[in-house]
Amino acid sequence: MNKTVEVLPDQPALVARALELILSKLNSAIEQQGRFTIALSGGSTPKPLYEAIATQKLPWDKIHIFWGDERYVPPDHPDSNELMTRRAWLDRIDIPAANIHPVPTLEANPELAAAKYEQHLKEFFNSSGVEFPALDVVLLGMGDDAHTASLFPHTEALKVRDRLVTVGNKDGNPRISFTYPFINSARSVIFLVAGANKRPALAQVFAPVADDFTYPSRLIQPQGELWWLLDAAAGLELQH
């Protein structure tokens, strides 16, 4: 793992750096393998990043969009990560519908939805063996409880190591989430973290010793690159 921590002055600078980094990974992937795969996160922090990506002139037919987690709500629900992304980015560009790979959330139950998304991922990456497929970029956020994707502290989802996708639990509400081993198979994992309320969690995530199941973002140790992009409010105590 190659770990890089960058503290940016403010949220606009955070977004600009994330855009620069993603475009670099995108160009390299398309040059090397003819396509670029990215898994997105929800929440307010990446929304301006998605709006910025939408203004770029890119080979959209070579870009494939996935989601690292999703609330188990219909795709037109206000809480849907997919809906937020479509409004901020995907509805503003000319991308083939087949290149958008949303999490199924209209199945009979969340477990079936997780299994269906996992099967779709395996088919897309032509993966049937024991090794997990590698996305080019997995974009993550982190909550003030140190959760990432929908991997919440002390939940069963943290114990799942043999699947790509599992069911997360947020206060009794199901979420569909990549498992941490699948996230860790990515070529690049990029955390975007903003706000002073994240400092206590970051201190534990970066501590030499702490409990992974209490601070789930500690479990993200990818085989490729790990980028932590923080605004000054979040990263104040990490600056040396």
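We're numbering straight along the sequence, starting at 1.
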Shortest non-hydrogen contact from Ala157 to Val167? CB-O, 3.7 Å

Just so I know, are the side chains of Ile65 and Ile38 near enough to count as touching, which here means a heavy-atom distance under 4.5 Å? yes

In Leu192, Ile183, Ile190, Val193, the residue satisfying side-chain contact (heavy atoms from CB on, under 4.5 Å) with Leu140 is Ile183

Between Phe36 and Val137, does a side chain to side chain contact (heavy atoms under 4.5 Å, CB included) hold up when you go through it step by step? CA-CA 8 Å; Phe36 173 69; Val137 169; 3.8 Å; yes

Are Phe124 and Phe66 an aromatic pair, judged by ring center distance below 6.0 Å? yes

For Ser80 and Glu70, run side chain to side chain contact (heavy atoms under 4.5 Å, CB included): C-alpha distance rounded to whole Å, both residues' side-chain angles, the deciding distance at 0.1 Å, then the answer. CA-CA 7 Å; Ser80 166; Glu70 181 60 277; 3.5 Å; yes

More than 12 heavy atoms of other groups within 6.0 Å of Arg87 CZ: no

Quick one, Leu219 and Leu151 - any side-chain contact, counting heavy atoms below 4.5 Å? no

Measure the shortest side-chain to side-chain distance between Val138 and Ile220 over non-hydrogen atoms and say whether it is less than 4.5 angstrom. no

Show your working on side chain to side chain contact (heavy atoms under 4.5 Å, CB included) between Leu58 and Ile93 and close with a plain yes or no. CA-CA 10 Å; Leu58 297 171; Ile93 61 169; over 6 Å; no

So, do Trp228 and Ser217 sit near enough that their side-chain heavy atoms are less than 4.5 Å apart? yes

Start with the C-alpha gap between Tyr117 and Thr166, add the side-chain angles, then the distance that decides, and say whether side chain to side chain contact (heavy atoms under 4.5 Å, CB included) holds. CA-CA 9 Å; Tyr117 202 41; Thr166 190; over 6 Å; no

Check whether Arg218 reaches the backbone of Gln204 with its side chain - one donor and one acceptor, N or O, closer than 3.5 Å. yes

Is any side-chain heavy atom of Arg175 less than 4.5 Å from a side-chain heavy atom of Phe152? yes

